[in-house]
There are 2 protein chains.
Amino acid sequence: MYHVVHTTYMKDEFGDYVRQRREQLRTQDPAFSVRGLAGRIRVEPSYLSKVERGETPPPSEATILRIAREIGEDGDVLLALAGKVSTELQAVIRKRPTLFAELIRELKDQPDHAVLRLVREVRDGEW
Amino acid sequence: MYHVVHTTYMKDEFGDYVRQRREQLRTQDPAFSVRGLAGRIRVEPSYLSKVERGETPPPSEATILRIAREIGEDGDVLLALAGKVSTELQAVIRKRPTLFAELIRELKDQPDHAVLRLVREVRDGEW
DNA sequence: GGTAGTGTGTACGACATGATACACGCCTTG
DNA sequence: CAAGGCGTGTATCATGTCGTACACACTACC
């Protein structure tokens with residue numbers, strides 16, 4: 001039976017995005033070299049390089065959030081690109097699983113503006 | 001520097017719950033022995049035993065959902081007890097990260113009835 | 001032409017995850 | 001007393017996660 005070891009990661013989105021964003025920032029600020037950014041997010045340059053090229057899966061949540069801060073991107077968005085959901089949000093859901101599960105499934109097929117309306121409704125507190 | 005190997009898992013909720021529920025069901029139906037249930041959810045009896053006693057961390061999502069079905073518990077609830085959130089729900093969130101992140105954080109400190117009201121609002125479609 | 005900075009290739013590592021396989025000792029029942 | 005069902009202890013394993021360490025080749029500068 002064939003069983004490829006599959007050493008190559010493949011199919012990015014996260015890496016592509018980070019690289020593009022970093023190179024863009026770099027046109028304004030040479031501190032956004034691979035080594036520069038890697039230093040500030042406290043990983044090895046070769047690791048960041050591999051992540052950006054999708055040779056390795058996206059980093060841990062903590063590292064992703066440090067990247068987000070550094071490149072000025074929303075943490076939840078970057079986590080999403082990495083196929084993850086913030087553990088903080090997960091904790092909220094886990095405290096009331098049925099309630100949140102139902103809400104989220106209900107909203108799955110609702111358009112953005114409908115969801116946004118709910119957000120505002122809660123925030124502006126028309127309760 | 002001390003560095004305990006930490007071979008013992010510890011601190012359950014999931015295991016306790018499953019065991020209790022299984023033993024309860026067992027009073028009505030002898031098919032709910034460790035071996036019986038293990039067979040139906042397709043894991044080794046010794047593994048289920050260890051899980052129930054919290055000697056090992058909770059199983060994978062797929063296995064948890066099979067357990068839920070078998071013992072008649074809600075999947076999301078059982079996943080929550082295992083410290084997990086359904087990948088299906090996570091996928092919904094990942095498609096619109098900022099929108100859902102905002103909503104969930106907003107609802108974090110809202111009482112149950114407020115969240116429930118939203119659920120109904122969406123479902124009953126007063127849109 | 002050294003030296004400083006750049007991206008990347010290769011090798012390896014520790015630890016977590018999610019289980020299997022098998023044997024052992026304890027009851028019960030025919 | 002053996003045969004079957006029971007729960008559990010011990011050993012082991014494949015794969016995934018999340019990186020480090022170091023060397024290499026290229027370019028630019030003065």
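Throughout, protein chains are lettered first and strands after them, A, B, ... in sequence-line order, and every chain is numbered starting at 1.
In this structure, B:Asp29 atom CG and D:dC6 atom P are separated by 11 Å, rounded to whole Å. For the pair B:Leu48 CG and C:dG18 P, the interatomic distance rounds to 16 Å; values are reported in whole Å. One interatomic measurement links the two molecules: CZ of B:Arg35 to P of C:dC27, which rounds to 16 Å at whole-angstrom precision. If you take CD of B:Glu55 and C1' of D:dA11, they are 13 Å apart, rounded to a whole angstrom. To the nearest angstrom, C1' of D:dC18 lies 14 Å from CD of A:Glu61.
Among the heavy atoms of the strands, none lies under 4.0 Å from B:Thr56. When heavy atoms are screened at a 4.0 angstrom cut-off, B:Arg66 is found touching no nucleic acid atom at all.
Summary of the strand contacts: B:Pro58 and A:Arg26 both lie near DNA chain C, and taking for each the nucleotide with the nearest heavy atom, the more 5' one is attributed to A:Arg26.
Test A:Glu52, A:Glu70, A:Glu73 against A:Arg22 for salt bridge (charged side-chain N to carboxylate O under 4.0 Å, His left out) and you get one pass: A:Glu52.
Here the side chain of A:Tyr47 is nearest to one of C:dG18, D:dC6, D:dG19, namely D:dG19. Ranking D:dT8, C:dG7, D:dC18 by closeness to the A:Lys84 side chain, first place goes to D:dC18. Ranking C:dG7, D:dT8, D:dC6 by closeness to the A:Val34 side chain, first place goes to C:dG7. In this structure, the nucleotide among C:dG9, D:dG19, D:dG7 sitting nearest to the side chain of A:Ser60 is D:dG19. Between D:dT10, C:dA19, D:dC6, one nucleotide has an atom nearer to the side chain of B:Pro59 than all others, and that is C:dA19. When distances run from any side-chain atom of B:Ser33 to the nucleotides C:dG7, C:dA19, D:dG7, the shortest one goes to D:dG7.
Taking atom P in both C:dA11 and D:dC18, one finds a spacing of 24 Å when rounded to whole Å.
When all heavy atoms of B:Ile64 and B:Pro58 are compared, the closest pair comes out as CD1-CB, 4.4 Å.
Remark: A:Arg19 is in phosphate contact with C:dT8, judged by side-chain N or O atoms under 4.0 Å from OP1 or OP2. Taking 4.0 angstrom as the limit, B:Arg53 places a side-chain polar atom (N or O) nearer than this to OP1 or OP2 of D:dG9. B:Lys50 has no side-chain polar atom (N or O) that falls below the 4.0 Å cut-off from OP1 or OP2 of D:dA11.
Put simply, the side chain of A:Ser46 and the base of D:dA21 share a donor and an acceptor less than 3.5 Å apart.
No side-chain donor-acceptor contact under 3.5 Å links A:Glu61 to the backbone of A:Leu79. Judged by distance alone, with hydrogens and angles left aside, the side-chain atoms of B:Arg117 form no donor-acceptor pair with the main-chain N or O of B:Asp112 at under 3.5 Å. At least one donor-acceptor pair closer than 3.5 Å links the side chain of B:Arg40 to the backbone N or O of B:Ala31.
Remark: B:Arg42, B:Val43, B:Glu44 in residues 36-45 of chain B come within less than 4.0 Å of DNA chain C through at least one heavy atom.
Cation-pi geometry between A:Arg19 and A:Phe14 is not met at under 6.0 angstrom from the ring centre and within 45 degrees of the axis.
Side-chain polar atoms of B:Ser60 and B:Thr63 form a donor-acceptor pair below 3.5 angstrom.
With a 4.5 Å cut-off on side-chain heavy atoms, B:Gln90 and A:Gln90 count as touching.
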